[in-house]
Every structure is written in structure tokens, then in C-alpha cells.
2 protein chains.
Amino acid sequence: MEETHKKILLVEDDPNFGAVLKDYLSINDFEVTLAKNGMEGFEKFKKDNFDLCILDVMMPYKDGYTLAREIREKNKEVPIIFLTAKSMKEDVLKGYKVGADDYLNKPFDSEVLLMKIKAIIQRKASETKTDNAKFEFQIGRFHLNSKLRFLTFDKEEPIKLSPKENELLKMLALHENDLMPRELALTKIWRDDNYFTSRSMDVYIAKLRKYLKPDEDVEILNIHGEGFRLVVKNKVEEK
Amino acid sequence: MEETHKKILLVEDDPNFGAVLKDYLSINDFEVTLAKNGMEGFEKFKKDNFDLCILDVMMPYKDGYTLAREIREKNKEVPIIFLTAKSMKEDVLKGYKVGADDYLNKPFDSEVLLMKIKAIIQRKASETKTDNAKFEFQIGRFHLNSKLRFLTFDKEEPIKLSPKENELLKMLALHENDLMPRELALTKIWRDDNYFTSRSMDVYIAKLRKYLKPDEDVEILNIHGEGFRLVVKNKVEEK
DNA sequence: TTAATATATTAACCAAAGATTAACAACGAT
DNA sequence: ATCGTTGTTAATCTTTGGTTAATATATTAA
């Protein structure tokens, strides 16, 4: 099989170190885009489709965590590795909360980084299946555009959905008339499954129910202890 | 929500450190099995079904890598985290080669370990969502969807079943026209076989009988001292 | 036939899960 | 500095699910 090179976004403010690392990765068959700071990193991220992001934590203007959060808003899947000079616990924990896939303290061995990269990309590769290609859904008389986060009822003015509302509704729509396990939404959208995220999710279910009220035939049902089910009754054949 | 605790196999030869770590993980809602060496670790691994393995690298007789390789032979999926006192490059690389999911140098911060564990288990959880066990059964004129916990009679409105009702009926259906031993349901569904769970099960049998009343040809019979039998009479061939 | 054991059925009770609204905190955009 | 958006936590209430108790009926062995 023709192996198309994996694309890496490298955000590192130290020009020397950045260049060296970029070269090293390039030699090892990765296609590397280098950004000098968080701002530039985010711009480049939006313009392309990366398989992995490597972010320096300590950067002027916008640090790695902030950048990571922005990236996560756009893309829930892409693996993120943090580079940091200091190894303070708070920083590491913060990184994992933001959804880091790994963490590396500078100075580090480049071969180790390479191994981690390979391990992570391979992991993601095996996960990727039911993925984010689809972003438009017909839900009874509603139409959801999950890219624009618009929910439109018939021909009325679209309602703007918040990121979480949007993801949750999308996840429900992907399982239309079938069980959408609680755990799935929690781990995928909230990235953690505990009492509080679970309560939070309930709040969002309530919000969505309110939005969906205008169509009698659309309902979000609960399956006690399991999850939710988006049902659409009286469904007419779509041409 | 039915939060079933994740099982962790911890293999660590230092008894003090092992006990402390085990306690720490237990407090954080993991079910931990501690093994004192590679040999014991592998035995325990084979006997149970773990969600994660944490292996010390430096152990007498059988080191962590060797154990990891054996574990990988049995199970390609289970995440493995290595603990090591030394952080020599070769070791780290060796770990990743064996298929480690992460690597941690001793001494390490336990909160960091906890974060890593959660991140890794969550990752795996989202991978394993392709659950295609059988969940639909035809029982006379009834149809059971045990995923949605719906029992439908002919074309009427589905009845919602509680988790226990659902599991019990499913178990009966799996043994249709055959003996479903009391003990089986008790150990599988109630996870305990004693006087009270047995009474509880009787209650559920009564509930199911009530649900199944509409179809004359469907009955749950008792086999004294043995168990129950879901019989379907006058069965017509399904095309 | 009777005593002992097993099963049936209904109701009472309690705990866990979910629904809903409101208060609050974080943060970006004026 | 203020405002609007977003998301989390809290408080309260409702629903659901499961066990236990109480009582009645069956079955079996002696």
C-alpha cells in the first residue's frame, strides 16, 4: 500500500529547536508544518488537516494549553502531544484535562518522541471509523448542520447551537432511533465520565428537548441507566 | 448508572510500593489485582479480564517486558503501562516496541498516573463500541429488543422492560423450550445466589408472566428445584 | 397426610437515576 | 468595565427499578 505521509503540526517558539525537530521528523517521513507561536499555530491548524499536533507549552502570547483547547473545539479527535521544559504536576494534569495524548519533558530523546508519535498515530488509525465526515442531519422537520452549528425548523430562522449542544445532538442523530449510550457521549464529548459530567449532560438533554419541542414527532427518550434515544415518528420517505 | 469498576492488574515486586499503589488506585474506584512478580502476574492475567495492566519493569525471574510480550500474545488490545526506576532510552524504546501504551518513571506523581490511566481507558472505551451480540428475539407473537429493552406484542405499542426484566427474559429466550437453570440467572444477572436473590428472581418471573399473558402459546414453566423453561407452543415457521 | 421446602403474587418501601430550573464561574468581545 | 455566551454545579422534584416482607399456593419426601 502506498503510505501517504502523516502530517504533523509543530508549534514551537524556539526557532533553533523547532527547526531541528522539524528536520528530524521530516527525515523520518513525516510532513511537518512549523508554527512559531500559538496564534500562527491555530491559523495553520484551521487551514489543513493534521494527523498529530506537537505543542510547546511555554510560548509567548498564547500558550500550548490555550492553543490545545482551541484545537479541541475544532477537532475532538486529533492527537496532541505537549512539550514542556518544566515538569510541574499542575501542568501535566492540565494537559491531560485538555485532552492530551501524551506529555514529554524537555530535554527529551528524539527517538523516544518518535516512538510515541508512531504509537499514537497507530492507535488513532485503528480508532478511526465512524468518523466526522457527516455533518448534516435531517431530524423530523429539523435540519442540523453540525459544521455551522445551526438547527433549522422547516424554513424558519436557524437557531445557533453551542458547541456542546451541537455535538450532543449530532451524536444522538448518528444513532437515530437507536440507543446512544450515556458513556459514549460522556467520553467523546465531555472526555470524562463522572457524576458531574453526567449531570451536565442531563442539562444539555433538557436544552435539546426544548429546542426540539416544535416537532411533535421528534423526541429524546431516556433508557434508564443506559442512555438516550432520539426517536422520529411518522417518518416520511426522503426522496 | 451501573458503573462497573475497571479492573487493573498491577505487577510490582516491591511489596510496600505495591500495596500503597494498590490502595491509592482502589480509593479511586479501580478494582486492583496485585501480583508480586511476572510469573504470578501472568497467571492472574489469564484468570481474569483486565481493563489495564501496570507492570514494573525491574522484577526478579521475569521482567516487565517479557511479561508484556506474553500478555500481548494472549491479548492484543489491553493497554499496558510500564513503571520503571531508570529512564534509560533503550528501556523506553523497548517498552514501546512491545506495545506499551505509556511509560512512567519512578518516582512519579500518583495523580499523573491516575490521569494517564483515565486517558488510556477512555480511549479504549471509545474504540470498543462495536457490540454486536444478539439482542433481538421472537417469542411467539412477542418481539424482544433487549438493547432498547422493548417488548412488543404484535404491532402494539412496545412495553418498556426494566434492566432485570430484560436480562431475565433474554436469558430465558436464549434457552427457549429448554431448561434455564435458576443458578445461571442468579449468578449471571444477580451476581449472587442466595435466598434473597432467589426470592427476587421469583418476583421477576411473575412480572414476566404477566407481560406474556396476551399470547396463549407462550408460557414460563417452573421445573421444581431446577429452574424455568420458556415454552412456545404452536410455533409457525418463520419465513 | 403431613411437614418441610420451593414457588407465586402483590404490595410496601427505599435508593438511584433523570428532569428541570436557577445560580454561578470563566471567558471572549465589545 | 460590562455584557453576552457557554458550560458547570446546585437544589429540588419526579420517575424508575429492585429488594424485602407478607401471605398464599405447590410440590416432594417421609
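This one's a predicted model, so the numbers in the text were calculated from it and none came from an experiment.
- Contact check, A/S200 against D/dT8: a side-chain N or O comes under 4.0 Å of OP1 or OP2.
- Rounded to an integer number of Å, the gap from CG of B/N194 to C1' of D/dT19 is 11 Å.
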Between the protein and nucleotides 19-26 of chain C, are there any N/O to N/O pairs under 3.5 Å, and if so, what are the atom names and distances?
unit_1: C/dA19; atom_1: OP1; unit_2: A/R209; atom_2: NH1; d: 2.8
unit_1: C/dA19; atom_1: OP1; unit_2: A/R209; atom_2: NH2; d: 2.8

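- Residues A/D217 and A/N234 have side chains that bring a donor and an acceptor to within less than 3.5 angstrom of each other.
- Classification of B/K233 and B/D215 as a salt-bridged pair fails, no side-chain N sitting under 4.0 Å from a carboxylate O.
- Residue B/L168 contributes atom CG, which lies 15 Å from atom P of D/dG17 at whole-angstrom precision.
- One interatomic measurement links the two molecules: OH of A/Y204 to C1' of C/dG18, which rounds to 17 Å at whole-angstrom precision.
- Using a cut-off of 4.0 Å between Lys/Arg side-chain N and Asp/Glu carboxylate O, B/D48 and B/K7 are scored as salt-bridged.
- In this model, the phosphate group of D/dG18 is approached by a side-chain N or O of B/S162 to a distance below 4.0 Å at OP1 or OP2.
- Environment of NZ in B/K207: crowded, with over 12 heavy atoms of neighbouring residues, nucleotides or ligands closer than 6.0 Å.
- Rounded to whole Å, the distance from CG on A/L186 to P on D/dG7 is 15 Å.
- Rounded to whole Å, the distance from CE on B/M201 to C1' on D/dT20 is 17 Å.
- Spacing between atom NZ of B/K160 and atom P of D/dT15 amounts to 11 Å, rounded to whole angstrom units.
- Counted by atom type alone, B/T197 and B/N194 present one or more donor-acceptor pairs between their side chains at under 3.5 Å.
- In this structure, CZ of B/R149 is placed 11 Å from P of D/dT16, rounded to the nearest angstrom.
- Considering only residues two or more places apart in sequence or on other chains, B/Y204 meets the ring pair (Phe, Tyr, Trp, His ring centres under 6.0 Å) condition with B/W190.
- At the phosphate of D/dG18, neither OP1 nor OP2 sits under 4.0 Å from any side-chain N or O atom of B/W190.
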Pair B/R149-B/S162, side chain to side chain donor-acceptor pair (under 3.5 Å): steps then yes or no: CA-CA 7 Å; B/R149 302 207 310 252; B/S162 85; over 6 Å; no
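- Closest to the side chain of B/H224, from the set D/dT19, D/dG7, D/dT28, is D/dT28.
- Between B/I223 atom CD1 and D/dT28 atom C1' there is a gap of 16 Å when expressed in whole angstrom units.
- Residue A/T197 places no side-chain N or O under 4.0 Å from the OP1 or OP2 atom of D/dT8.
- With D/dG7, D/dG17, D/dA10 as the choices, the nucleotide that has an atom nearest any side-chain atom of A/F196 turns out to be D/dA10.
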